[in-house]
Amino acid sequence: MFQSKLCNALHAFPVRREGWLLTGVAAGLLFSVVPNLLISLIASAVMWDYEYIAFLWLAVSTLQFIFFFGTATLCAMCAGNRLGMIALYGIFHFITVLLFGLMEMIYIPLLYGVKVNLNDMTHLFPVGHMLNLDYVKIEYIPTTIKLYFQGFYGKDWLFTGLCAVAGVASLALSWLAYRRRPLESAGDFIALRPLAPVFLVIFSVGAGALLYAFAELMDTPSYIFLIVGLVIGYFAGRMLLGRTLRVFHKKAFIGLGILVVIFAGTMGLTWLDPFGISGNIPNLDEVEWASVYNSNYLYEDGNGGKTPFKITDSREIAQLQNYHKQLIDRKWEADSGRTATVQIQYKLHNGKSVRRFYKIPYEGELADRAKAYFSDMRYLFSTDDIQQVYATVAEVTISQYTETENISEGTTDKEILAGLLNAVKADCDAGKLAQNWLYRSGYDEYHLDFKFKVDDNDTNYTRKWCSLYITEDCTNTVAYLKSILPLIEKQEQ
């Protein structure tokens, strides 16, 4: 198929193309199924109580093989040589990675404050998604030192089955591609001419994205690298398609110009944001709750996750929306000097969420508003019920680092804990306890680790905790700590 003489000789035999294709497909399937079946039979014979695992592995490996074999066959029918087949196969399986990369690196940053969680789209990348599938539920019982089958993960089997169906569909498309494949295309990079411009665009954009990613990795991101990579990829792609170095002619430059204009036009349209995505602030009556926080969560909830404080009061939500509007209107301030990151989230009554991420300056009105939010005791402890904090606090560890020694004291004394929380609350009300390092004025004097008792079974108080840095400006907390540390030392003695 990839060498002109052998291709012509092969098709000189009185065998239709369907016969050649079916023979190759059958041979490919047998090369996988027969050895894997033998391996499963041998494995089941020595696995004793777990022989079913061998046949489950056979089923999964067969479904996966059908997917990859079908797509490989399709790429082989569309390519004219081995290098083209490898390139098409790579593009087929990693095109979503390229698209996600373009979105994350180039397009999404043009929408101020917008970020997209691409982790939720891994099912569009079958190669990567299959690595995280479990298929069966297994429970290990330490007392019996055995594994017990508990059922199947239906979604994982469904996904792999759909991939196998896609593989079968690829085999059907391979037959159509083979019928339309001209014999004289053997040796060309792409056998089917209509696919040549598609490959050229993908290859050019991929080269531009790769060079831009490298520049970003070196902390020198610039659209110049994107343009240079686009030009290199375009002419390199034409060299592969034409099997010649003579690609620098007028027609080629016209094609490059069209590609650059389209690429720049889509970027410009994204930046103009005609649909108002970056400026979208939900109406007050649509919001169930809102939250504002930076990238550092301070409080861990009972499930081991980290949860931000939820604002439910309509007046406070309206104030947050006003602050949100200021961040959008004054986005130019985020490009000057040191900045911190603030995230605003709205949970709507219809179940949807709106999240925005902004950089805010170290000083000024926007920074003062952020300090007020980040110093709120409800934010620090992630709850709107401060009395619950007083009721469930079980222990605090006080650490102090000096030039000569490191001191660490702990106490469970309820009176001391209540007094310490009162001092923390006073500094929170004064706006002195923002934990982001840009907003912590003065040197760190102490470090507090609060632990909370969730229920009677939580004897080690490990399910919930809150960690705070106390600077010299937190005068109430510092004064209280200096007064109680000697008392704690005496209690321990």
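Hydrogens, waters and symmetry mates play no part in the numbers below; they use all other heavy atoms, side chains included.
- Rounding to the nearest 0.5 Å places CG of L21 at 9.5 Å from CH2 of W175.
- Within the 4.5 Å cutoff, no side-chain heavy atoms of T23 are placed close to those of V15.
- The shortest heavy-atom contact between Q343 and F357 is OE1-CE2, 2.9 Å.
- In this structure, G279 and D273 approach most closely via the heavy-atom pair N-OD2, 4.1 Å.
- A 6.0 Å sphere centred on CG of L37 holds more than 12 heavy atoms belonging to other residues, nucleotides or ligands.
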Given the rule in the side-chain contact (heavy atoms from CB on, under 4.5 Å) test, do L226 and M267 qualify, once you have shown the distances and angles that lead to the verdict?
CA-CA 12 Å; L226 178 63; M267 291 176 61; 4.0 Å; yes
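- In this structure, the side chain of S32 does not engage the main chain of L29 through any donor-acceptor pair within 3.5 Å.
- Between L58 and S40, the shortest heavy-atom contact is CB-OG, 3.3 Å.
- If you take CG on D384 and CD1 on I311, they are separated by 10.5 Å, rounding to the nearest 0.5 Å.
- Contact annotation: the side chain of I202 approaches that of I95 to within less than 4.5 Å [non-hydrogen atoms, C-beta and beyond].
- Remark: the backbone N or O of W57 is not paired with any side-chain donor or acceptor of Y135 at under 3.5 angstrom.
- Other residues, nucleotides and ligands place more than 12 heavy atoms under 6.0 Å from the CZ atom of F55.
- Separation of atoms CD (E288) and CG (L348) is listed at 9.0 Å; rounding is to 0.5 Å.
- No donor-acceptor pair closer than 3.5 Å links the side chain of N283 to the backbone N or O of E286.
- No donor-acceptor distance shorter than 3.5 angstrom exists from the side chain of D449 to the backbone of T397, with no hydrogens or angles considered.
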Do L240 and L83 pass the side-chain contact (heavy atoms from CB on, under 4.5 Å) test, and can you show the C-alpha distance, the side-chain angles, and the key distance before you say yes or no?
CA-CA 9 Å; L240 289 172; L83 183 59; 4.1 Å; yes
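- Ring geometry for Y107 against F263 counts as perpendicular: the plane angle is over 60°, on a 0 to 90° scale with 30° as the lower cut.
- Annotation for P282 and V354: closest pair CG-CG2, 4.0 Å, computed over non-hydrogen atoms.
- Using a 4.5 Å heavy-atom cutoff, the side chains of C163 and F68 are not in contact.
- Contact annotation: the side chain of R356 never approaches that of I328 to less than 4.5 Å [non-hydrogen atoms, C-beta and beyond].
- Distance CZ/R378 to CG/D376: 4.0 Å, rounded to 0.5 Å.
- Evaluation of the side chain to side chain contact (heavy atoms under 4.5 Å, CB included) rule for L63 yields W157, T160, A164 as partners, not counting sequence neighbours.
- Using a 4.5 Å cut-off on side-chain heavy atoms (C-beta onward), Q435 and Y469 make contact.
- Counting only heavy atoms from C-beta outward, the side chains of V231 and V228 never approach each other to under 4.5 Å.
- For the atom pair CD1 (I91) and SG (C75), the distance works out to 8.5 Å, reported to the nearest 0.5 Å.
- Between Y323 and Y373, the two ring planes are tilted [angle within 30° to 60°].
- Counting heavy-atom neighbours within 6.0 Å of F275 CZ, excluding the residue itself, gives a total of 12 or less.
- Counting non-hydrogen atoms of neighbouring residues, nucleotides and ligands closer than 6.0 angstrom, the CZ atom of R17 exceeds 12 such neighbours.
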Using the ring pair (Phe, Tyr, Trp, His ring centres under 6.0 Å) rule, take F189 and F199 through it: C-alpha gap first, then chi angles, then the decisive distance, then the call.
CA-CA 10 Å; F189 193 81; F199 166 80; 4.9 Å; yes
Check the pair F203 / F235 against ring pair (Phe, Tyr, Trp, His ring centres under 6.0 Å), numbers first and verdict last.
CA-CA 10 Å; F203 190 81; F235 285 108; over 10 Å; no
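- Aromatic ring centres of Y89 and F94 lie farther apart than the 6.0 Å criterion allows.
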I would like to know whether L133 and Y153 meet side-chain contact (heavy atoms from CB on, under 4.5 Å); could you show each step before the answer?
CA-CA 9 Å; L133 302 183; Y153 288 103; over 6 Å; no
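- Ion pairing between a basic and an acidic side chain is recognised when a charged N comes within 4.0 Å of a carboxylate O; R243 and D188 show such pairing.
- Put simply, the side chain of T270 never gets that close to the backbone of L110: no donor and acceptor are under 3.5 Å apart.
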Would H324 and Y358 count as a side-chain contact (heavy atoms from CB on, under 4.5 Å) here? Give the steps.
CA-CA 9 Å; H324 187 176; Y358 300 103; 2.6 Å; yes
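- Of all non-hydrogen atoms in L320 and Y346, the two that sit nearest each other are O-OH, 4.2 Å.
- A heavy-atom distance below 4.5 Å is not found between the side chains of V198 and I190.
- Annotation: the span from M77 atom CE to M85 atom CE amounts to 9.5 Å, rounded to 0.5 Å.
- Using cut-offs of 30° and 60° on the angle between ring planes, the pair F67 and H93 is perpendicular.
- Side-chain atoms of R181 come within 3.5 Å of backbone atoms of A79 as a donor-acceptor pair (strictly under, hydrogens ignored).
- Annotation: F31, atom CZ; neighbour count of heavy atoms from other residues, nucleotides and ligands within 6.0 Å does not exceed 12.
- Between V205 and L230, some side-chain heavy-atom pair lies under the 4.5 Å cut-off.
- Closest of all the heavy-atom pairs between G70 and S170 is O-CB, 3.4 Å.
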